[in-house]
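One structure is given below, encoded as structure tokens.
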Amino acid sequence: MTRLPHAVLLLAVLGTAAAPVDDAPPALPLVPAGVHTVRPGDRLTVTARDGEAGNGDVVLSDAFTARATLRMRAPLLTATVTVACDAAPGDHRVETNLPPARGAAAHPALRTTLRVRDADTEARRECRDRQRDHPTPADPPEERWPARTTWPQSPWDVRTFAPGSRVRLTDNQDEGADDGAVSMVSPAFELPAPARDRGRAVKVATATISCVARPGVYPVYREGPVATGSTKEVWARYRVAEAAAGSTTCRKAAPGGRRERSALPWAVGGGALAVALLGAGGALARVRARRRGRGKR
């Protein structure tokens, strides 16, 4: 994927901890040459087009409470950041860096400038109190990629399938492995799905979502030889939807299916997604360069 050196960075002001919601500034597109004024406590959504920045790129500034990670939420990459209550008045650089996992801990890609307004001691104290009492929730790791792209584009490329659906997973990491040596395994699959050679250094695995899988988010584990020496890793995540009323897909059991026990999701319902995150911290920071390097199909 080509990185453009003079790409546009967009930041939209969603709200502010320093003023009532009605006084929140409007959404503002920002360009690298622009200077944009914010206040301590402002929340911002950083957005960029895919190609101008990459999924997993880190957004950082000494004006922010913490760095954030750009994730694909089609049609744009987005990340939410908060201006620190103690941010010094004046100009602060905002930039995106490739994550250390890709071997470049400091590689500026996009830059823009924020100008932080001065605030008196009382305003900053109130800002800190609000952030303490109402901490900003972390951006969810779940990504939304365009439907035209192959699945998965990353371990958090969560797409939705109905029970009984046939799904295709792509794997371009194992072009040297024997056909079928790598399998995709999930609690909601009827059977493990071997990755078969489909040419162009790409392997494809086809699986069926179990008819007894409960609605929720499930992991897909990739089992087989990998360069790191690990034999099992989370390759993808997907959501099983409620079966549509009147659907005939699951009226008959698939041959060899595992119908004797229910497949349990990581989480049932959106509010329980945090349960799924507890064992996946390492996957949040890891972005696969191989997927950014291949063209979207």
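These values consider heavy atoms only, across backbone and side chains, with no hydrogens, waters or symmetry-generated copies.
Judged purely by atom type and a 3.5 angstrom limit, Ser165 has no side-chain atom pairing as donor or acceptor with the backbone of Val167. Checking side-chain atoms of Ser61 against main-chain N and O of Arg93 turns up a donor-acceptor pair under 3.5 Å. Without hydrogens or angle criteria, Arg196 side chain to Lys203 main chain gives no donor-acceptor distance under 3.5 Å. Panel note: side chain Asp133, backbone Arg130; no donor-acceptor pair is recorded below 3.5 Å.
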Side chain to side chain contact (heavy atoms under 4.5 Å, CB included) between Tyr218 and Arg237: does it pass, once the steps are laid out? CA-CA 6 Å; Tyr218 291 81; Arg237 294 168 177 84; over 6 Å; no
Test ring-ring contact (aromatic ring centres under 6.0 Å, His included) on Tyr221 and Phe189; report intermediate values, then the result. CA-CA 11 Å; Tyr221 297 103; Phe189 287 174; over 10 Å; no
May I have the step-by-step check of side chain to side chain contact (heavy atoms under 4.5 Å, CB included) for Met184 and Trp235, ending in yes or no? CA-CA 8 Å; Met184 306 300 177; Trp235 184 254; 3.8 Å; yes
Apply the test side chain to side chain contact (heavy atoms under 4.5 Å, CB included) to residues Val94 and Val59: give CA-CA distance (whole Å), side-chain angles for both, the deciding distance (0.1 Å), then the verdict. CA-CA 7 Å; Val94 178; Val59 181; 4.0 Å; yes
Side chain to side chain contact (heavy atoms under 4.5 Å, CB included) evaluation trace for Leu114 with Leu44: CA-CA 11 Å; Leu114 293 185; Leu44 310 168; 3.8 Å; yes
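Annotation: side chain of Pro40 is in contact with side chain of Val116 (closest heavy-atom distance under 4.5 Å). Residues Asp171 and Val182 meet the side-chain proximity criterion, which asks for heavy atoms closer than 4.5 Å.
Heavy-atom minimum distance, Glu190 versus Cys211: OE2-N, 3.7 Å. Closest non-hydrogen pair, Leu70 versus Val46, comes out as CD2-O, 3.8 Å. Residues Val240 and Arg214 share a closest heavy-atom pair of CB-O, 3.9 Å. Nearest heavy atom pair, residue Ala193 against residue Thr206, reads CB-O, 3.4 Å. Taking all atoms of both residues into account, the shortest heavy-atom contact from Pro187 to Pro219 is CD-O, 3.6 Å. Considering every non-hydrogen atom in both Pro163 and Ala213, the closest pair reads CG-O, 4.5 Å.
Annotation: the span from Phe161 atom CZ to Tyr238 atom OH amounts to 9.0 Å, rounded to 0.5 Å. Here Arg67 contributes atom CZ and Thr96 contributes atom OG1; the two are 11.5 Å apart, rounded to the nearest 0.5 Å. In this structure, Trp145 CH2 and Asp50 CG are separated by 5.0 Å, a value rounded to the nearest 0.5 Å. Note that CG of Asp139 and OG1 of Thr80 are 3.5 Å apart. Values are rounded to the nearest 0.5 Å. Rounded to the nearest 0.5 angstrom, Arg43 CZ and Thr82 OG1 are separated by 5.5 Å. Of the inter-residue distances, the one linking Ser154 atom OG with Arg71 atom CZ reads 7.0 Å to the nearest 0.5 angstrom.
Comment: Arg128 engages Asp86 in a salt bridge, judged by a side-chain N to carboxylate O separation of less than 4.0 angstrom. A salt bridge links Arg124 with Asp118: the distance from a Lys NZ or Arg NE/NH1/NH2 to an Asp or Glu carboxylate oxygen falls below 4.0 Å.
Geometrically, Arg168 does not engage Trp151 in a cation-pi contact defined by less than 6.0 Å to the ring centre and at most 45° from the axis.
Asn55 and Gln153 are not linked by any side-chain donor-acceptor pair at a separation below 3.5 angstrom, with hydrogens and angles left out of the test. When only modelled atom types and interatomic distance are considered, Thr37 and Arg115 share no side-chain donor-acceptor pair under 3.5 Å. For the residue pair Thr45/Arg73, the side-chain donor-acceptor check at 3.5 Å is not satisfied.
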